[in-house]
A.B. asks: 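Before I ask anything, let me first share the structure, which is written out below as structure tokens.
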Amino acid sequence: MSFSRRDFLTTTALGSLALGLDAQGRNPERKNGGQSAESHPGAGAGKRPIMVCANNGFAYLDRGYEHLSKGGDTLDSAILVVTGPEDDPKDDSVGYGGLPNEEGVVELDACCMHGPTRRAGSVGGVRNIKNVSKVSKAVMEHTGHVMLVGEGAERFAVAMGFPREDLLTERSRKIWLLWKEYHSSRDWWGPGLADPHWQAPEPTGERKPRAELWRERVNQLARRAADLGIEREFCLAAAHRIIFPPTGTIHCSALNEKGEMSGITTTSGLAFKLPGRCGDSPIIGAGCYTDQDVGSAGATGSGEENIKVAGAHTIVENMRHGMSPHDAGMDALKRIVRNYNNDMTKLRFMDMTYYILRKDGAYAGVSLWEGYSEGNPHKIAVHDGSKRSEETAHLFKGYSQEFPPFPKIPDALKKESEYLK
Ligand code: ASP
């Protein structure tokens with residue numbers, strides 16, 4: 001490869017991004033204290049039992065809801081949902097098949113809170129154990145601690161009977177390899193000088209037009225993805241994952257008929273992260289928070305930003321003080337915005353979705369941006385007897401650039417990609 005991510009950064013004009021503020025989420029104090037039916041997108045009035053989760057849990061909501069509606073424990077019901085993506089090798093944001101850290105090792109984070117007994121458990125940076133959601137529950141039930149990390153967490157899981165297994169699927173390994181090669185104008189990964197496709201790095205100052213650079217780079221990545229054996233139909237998606245290291249994660253909150261509630265969040269975290277990095281997902285109060293008296297909330301998105309506003313805890317506290325789920329979530333998003341002094345150029349490069357459930361069954365899904373790209377809006381999955389996906393309410397109109405900061409591949413260019421012709 002003849003280009004690096006740094007090259008990309010220096011050749012792009014980020015300031016030209018068109019931004020627009022949406023009018024949603026600006027009614028902080030509702031006169032009725034938020035007790036009435038929600039009128040926002042991604043928000044609904046109280047009904048019990050109910051489960052809300054990230055949309056990658058949609059396929060597993062039925063089994064969780066069945067357990068919940070038959071009187072099953074709220075945390076066990078939520079675990080039935082989140083173990084779906086954890087076990088699925090094709091979900092590369094959670095559990096088995098998750099995209100690895102920069103050294104090619106999958107490291108998982110999870111935490112849970114059990115409302116009825118007011119307990120919590122958490123694990124961070126766990127290797128070789130697939131169902132870290134269940135390990136976080138085991139920490140809660142079988143230790144006097146709340147959080148275990150790294151090797152200690154892995155050894156605890158093995159002691160509890162969890163099998164040690166290799167979590168890196170072939171597909172995730174190849175995507176990681178592609179990511180390594182992407183840096184190869186400055187290291188020895190990827191084909192070298194002798195490769196027929198090798199190109200000299202561009203001399204500084206002689207930049208091609210932006211559109212041409214995109215075309216070349218996307219094509220190069222897609223071609224290398226094919227050379228590495230990635231399925232043809234997935235090559236472009238693999239290229240996208242390299243340019244925009246993805247996040248994913250699943251959160252699920254459950255409320256039963258009696259008003260008991262629990263929440264859980266599990267993830268492989270930010271792809272290609274530094275080894276040992278923990279995001280918000282294992283942080284009780286950030287990635288997940290449940291208070292039996294009030295409600296439950298969880299998060300997916302830019303973990304570093306969410307930790308700084310203690311997102312899930314902030315939302316539950318806001319509801320305690322009378323805000324509706326929608327307004328409570330919007331307030332947490334506005335705190336993220338405040339941390340950047342409303343600098344829209346920076347805010348474009350982060351995103352956050354909150355999944356919020358109040359004790360009376362009212363719920364909301366809110367996000368910083370509309371979605372990742374046009375036609376790909378953020379969604380919340382809900383089951384209260386009928387299962388559905390709903391678009392979240394968003395603070396800003398438009399699409400995040402995802403993170404780390406990188407401009408999007410224009411759709412037109414994707415279509416033009418030589419590789420796909
Ligand atoms: N919040 C997760 C993390 O930062 C990633 C995600 O939700 O997409 O690890």
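Each ligand, and each atom within it, is numbered from 1 in the order the structure gives.
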A.B. asks: Take a 6.0 Å sphere around CD of Glu151 and say whether it holds more than 12 heavy atoms from other residues, nucleotides or ligands.
C.D. replies: no
A.B. asks: With a cut-off of 4.0 Å, which atoms of ligand 1 are near a heavy atom of Ser281?
C.D. replies: 1 (N), 2 (C)
A.B. asks: Can an N or O of Thr249 be found at a distance shorter than 3.5 Å from an N or O of ligand 1?
C.D. replies: yes
A.B. asks: Flag the pair Lys334 and Asp331 as a salt bridge only when some basic side-chain nitrogen lies within less than 4.0 angstrom of an acidic carboxylate oxygen.
C.D. replies: no
A.B. asks: Report, in ascending order of atom number, the atoms of ligand 1 lying under 4.0 Å from any heavy atom of Leu270.
C.D. replies: 9 (O)
A.B. asks: Give yes or no for whether the N/O distance cutoff of 3.5 Å, strictly under, is met between Ala299 and ligand 1.
C.D. replies: no
A.B. asks: For Gly303, counting its heavy atoms only, list the atoms of ligand 1 lying under 4.0 Å from any of them.
C.D. replies: 1 (N), 4 (O)
A.B. asks: Is there any N or O on Asp280 that sits under 3.5 Å from an N or O of ligand 1?
C.D. replies: yes
A.B. asks: Quick check on contacts: which atoms of ligand 1 are under 4.0 angstrom from a heavy atom of Thr300?
C.D. replies: 7 (O)
A.B. asks: Assess, by modelled atom type and distance only, whether the side chains of Tyr355 and Thr300 contain a donor and an acceptor separated by less than 3.5 Å.
C.D. replies: yes
A.B. asks: Taking only Lys NZ, Arg NE, NH1 and NH2, and the carboxylate oxygens of Asp or Glu, determine whether Lys346 and Glu305 approach each other closer than 4.0 Å.
C.D. replies: no
A.B. asks: Between Phe162 and Lys130, is there a cation-pi geometry (under 6.0 Å to ring centre, at most 45° from the normal)?
C.D. replies: no
A.B. asks: Report yes if some N/O of Gly269 lies less than 3.5 Å from some N/O of ligand 1; otherwise report no.
C.D. replies: no
A.B. asks: With respect to atom 4 (O) of ligand 1, which of Glu107, Arg277, Lys273 exhibits the smallest heavy-atom separation?
C.D. replies: Arg277
A.B. asks: For the backbone of Gly287 and the side chain of Thr265, can you confirm whether one donor and one acceptor N or O come within less than 3.5 Å of each other?
C.D. replies: yes
A.B. asks: Does a donor on one side chain and an acceptor on the other come within less than 3.5 Å for Thr74 and Ser262?
C.D. replies: yes
